[in-house]
Each structure stands twice: as structure tokens, then as C-alpha cells.
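Throughout, protein chains are lettered first and strands after them, A, B, ... in sequence-line order, and every chain is numbered starting at 1.
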Number of protein chains: 2
Amino acid sequence: MPVTVLLVDDEPLVRMGLRAVLEAQPDIEVVGEAADGAAVVPLVRQLRPEVVAMDVRMPLLDGIEATRAVLRTVDEPPKILVVTTFEDDEYVYEALRAGADGFLLKRARPAEIVHAVRLVAEGESLLFPASVRRLAGRYGAGDRPARTALERARLTEREAEVLRLMSSGLSNAEIADRLVVGAETVKSHVSAVLAKLGARDRTQAVIAAYESGFVEPG
Amino acid sequence: MPVTVLLVDDEPLVRMGLRAVLEAQPDIEVVGEAADGAAVVPLVRQLRPEVVAMDVRMPLLDGIEATRAVLRTVDEPPKILVVTTFEDDEYVYEALRAGADGFLLKRARPAEIVHAVRLVAEGESLLFPASVRRLAGRYGAGDRPARTALERARLTEREAEVLRLMSSGLSNAEIADRLVVGAETVKSHVSAVLAKLGARDRTQAVIAAYESGFVEPG
DNA sequence: GAGCGTCTCCCCCGGCCGGGGGAGGCCCGT
DNA sequence: ACGGGCCTCCCCCGGCCGGGGGAGACGCTC
């Protein structure tokens, strides 16, 4: 059965765009739309979507408040994907802290959007949108949303170990030596880590590791 | 004229190894050796080497104290390259704080050793030996040696900008778009950054950026 | 015993990356 | 006016990386 998605955005154009992109996929079904945050909770109760693509800036109730409302009032809440532009980065981190599961850049290409939806639907986090770095310096100490997001990624012990070694700058071959396993094995673990973190390459994974507090600089 | 190097290590075997490796290079000349830290300052005054390859654990005066002594008492002091094994990482960061210019792992391959010597001789730092990560958590707040080391790397404005973008997870193509320049241009900047940081690839450069405080996690 | 997750290894393949070397234009300081 | 640093772009090339897909072995749980 397909992944069910609820679109929440005050701009019809954006909703139509997302719908067009997502409906083109056989395994994704858009089950509803909302134009403001206030309508989200009742719609979620009614439609029980697996994923909510949630805009940040909306009338009545913004994406952050709507995210909080959904997670606070709905049993088995859907995954929340925060839809954003570069411009409202400052709001995004609040949404993540409110419990959202990932980012989605409006300017992302269709394939990336589809990928993001599938990822969160599978319970994986989407730690790494290209703009994550721009959030730096805006978190208060102690409440880093990304940390929970990475924890949500549920890395296995081996994968965590590989991520640590990646974060110390080692190549796959070097990691293989260190762990005394084959290079192909390391590749498997690395691929798993990238998928779970929503990272495109090892560099993004390492950044996510730093941003989330998984590793810490001096 | 060749780069002049002073070897300081209490083990003759290590000195011989280093000498063999370095002397094989036409552009590098080993001008002297010392077996303990106490002999370093007078030898530096006498020989005026451009680079000192300094062991950490030595009799009489260890590498950290010797480094301090040289930098404090010699005009136009040489570049200090700390020679270390994995095992004495805990001492290395002190050496860096004392003003050393880079690391050198004893188990590094000859080509890497030669490379390290050339780099520091050219006034560039060697931020990224494979073990840098192991230093994490040992720095006191406020006195991060790596920060000074990265500052010593003297990145140009453009290179710093590229490093920042690399540290936000962008690919070369994406950086090119963002800066509105050609992909080849970005490659040039990236290569320059890697060289100046002593990083092997962009991941190591990003790690160095985090470790040095050049970028900061949430 | 039949799953399921984890860890291990394999193949093929396209692509981005990074090294090496070169080159032209610009500004700035000598 | 010449040199040097910086930014820009170019070519060739080998290699690591990451995706896709598959598979066997182990241990756990149901």
C-alpha cells in the first residue's frame, strides 16, 4: 500500500506542485490538503496520513505550532516533514525542536522531494538538507533538535562505529583496516549510515554527526 | 636551496628512518640531529634549520617543553613538526598549544612524511593527521590549538568562503552555482584549501573546520 | 522452525573528486 | 613598469565513492 501524505501549505501553487510530484509516484498517495495550520489536527485525525508535509509560515497557526499540536494531541502521530525555503531557516530549527522529522527544501528537485517523503515514511530521519549548516549558532545549549533526529535514525552499533571513524577522517579502506573487515563491508555500513541520516555523501554525514552532537569538536 | 631540517628524537632508529626518508629528496636536507629536548635550543641557534621534527617523549626535556623553549628564545624560530605515534596523542595537543605547526605520525608512509615537511616549510599548517579526532574532548574551552593552526593556514577570503560552503555539505557543483563561478574554479579553491589544511579530502577539511572552531555546531 | 535484524562479503557501474600542470586577467605595492 | 598574490578557467587522468542489487551466516524472537 502506498505512503499517504497530507499537504499543508497556504499557497495553492506549492500544494499543486507537491501533489504533482508526489502523485507521479505509484507508491505515494496524497490524501488531503490544508491551507493553514489550524486545519491540520482535525484533518490528521480524519485522514490519518503517514506523512505531513508542513509549511512553516502559514496563517492562523504556523508550522511549528501545528507540529506541536499534532504531536501533542494525536495518537500514533504522522511523520512531520517541514517544507521550507532558504529564507525561513530560523523557523525551521524550532519546528525540529517541536518534533518534526525532517526538512524539505521547496527548491529541491522532484526526485529529492520524493526521496524525502519515502525516507520519513520509513521512520528514518532526514537530517541533512543542504541548509542545515545555516542553523548553526541558533540553538540554545542543551536543546539540539538534531541530536534527537540523529537518535531517531537508529544506527546499529556497527554503523555508529563506522560513523565515528568517518568523522575522524578515515577513508573506507582505512576503516576496513581498523575494524578488520573487508572494504565491501564498510561500504555497506557507510551506505546504511548515509541512508539513515539522509546524507548524500560522507561529508554530509560527518557534518550531521557534528551538528547533532554525535561527535564533538574540541 | 633545499629545506633544512633538524631531527629530534631519542631513538636513533627513528632518526635514521627519518633521515633516510628525507635525504632521499633533493629539496630536503637534514642538517642535524638531537637525542633529547635539552639539546634543541643550542642546535637551533647554531644550525638555524627551517623545520624541526620533534619527538614528544624524550629525556631531559620533552617535546612540548622543547617547543616552548625554542619559540620563546629564538628569533625567527623554525617550524615545529611534532613527531608522534598514536599512543601519545594526549601530549600532542599540548605541543600544538605550545606553538607547534603540525603533526607527523611515525607510521605515516614516506611520501606523507616528506609532504608534511614541505608543507610546514612553506609556512602552511598540517592540521589533519589521521589522529586529530582523538584529541577531541581534551582541549580546555577557549584554548584550542587547532584554531590557531587553522589561522596559520592563512586561507584567502575566497578559500575561506569555499571552506564554509564545503562545511555546509555542498558539492563542488553546488558551490560553483552559489558563488556564480565555474566548476573548475571551485576545484582550484578546494585544492588550495586541502593543501593548506593538510587535508586529504573535503571530509577531512570539514572536520578540521569544526575542530578548529572555524565553523561551529549548534 | 520460521522469521527478522545484523554483519559480512560480492559484482557492476557511473560520477564526483582530487592531483598535476598550465594560463590569463586583475589589483596592489615596489 | 615589473612582480606577486589572488581569482578565474582549462585539460587529462586515476581513484575513491556511492547506488543498486544480491547473498550467506549468525543469533534472537515468536
Rounded to whole Å, CG of B:Asn172 lies from P of D:dC10 at a distance of 15 Å

Rounded to whole Å, CZ of A:Arg200 lies from C1' of C:dC17 at a distance of 13 Å

Q) With a 4.5 Å heavy-atom cut-off, do A:Val114 and A:Ile28 have their side chains touching? A) yes

Expected list for residues 181-191 of chain A near DNA chain D, using heavy atoms below 4.0 Å, is A:Lys187, A:Val190, A:Ser191

Worksheet item: Does the distance from a Lys or Arg side-chain N to an Asp or Glu carboxylate O, for A:Glu76 and A:Arg48, drop under 4.0 Å?
Response: no

Protein heavy-atom contacts under 4.0 Å, written 5' to 3' over nucleotides 24-30 of chain C as B (base), S (sugar-phosphate only) or - (none), form the string -------

Less than 4.5 Å apart, side chain to side chain, heavy atoms only: is that true for A:Met54 and A:Val83?
no

Note: for B:Val180 and A:Ser171 on DNA chain D, the residue whose nearest nucleotide lies more 5' is B:Val180

Between its two end axes (five pairs each) the helix from C:dG1-D:dC30 to C:dT30-D:dA1 turns, nearest 10 degrees, through 40°

B:Met166 CE to C:dC17 C1', in whole Å, measures 11 Å

Atom CD of B:Glu157 and atom C1' of D:dG5 are separated, to the nearest Å, by 14 Å

B:Asp201 CG to C:dG19 P, in whole Å, measures 9 Å

Between CD of B:Glu174 and P of C:dC17 the distance, given in whole Å, is 9 Å

Item to check | Side-chain donor-acceptor pair present, B:Thr4, B:Glu29, cut-off under 3.5 Å | outcome: no

Within-4.5 Å side-chain heavy-atom neighbours: A:Val162 and A:Leu179: yes

B:Asn172 meets the side chain to side chain donor-acceptor pair (under 3.5 Å) criterion, sequence neighbours left out, with B:Arg202

By side chain to side chain donor-acceptor pair (under 3.5 Å), B:Gln25 pairs with (sequence neighbours left out) B:Arg118

A:Arg164/A:Glu161 salt bridge by N-O under 4.0 Å criterion: no

From CG of B:Leu194 across to P of C:dG18 the rounded distance in Å is 6 Å

Of the candidates D:dC6, C:dG18, D:dG18, the side chain of B:Arg202 sits closest to C:dG18

Rounded to whole Å, CD1 of B:Ile175 lies from C1' of D:dC7 at a distance of 16 Å

Whether B:Thr156 contacts D:dG5 is assessed here as follows: a side-chain N or O lying under 4.0 Å from the phosphate OP1 or OP2. Is that the case? no

With sequence neighbours left out, the residues meeting side chain to side chain donor-acceptor pair (under 3.5 Å) with A:Thr185 are none

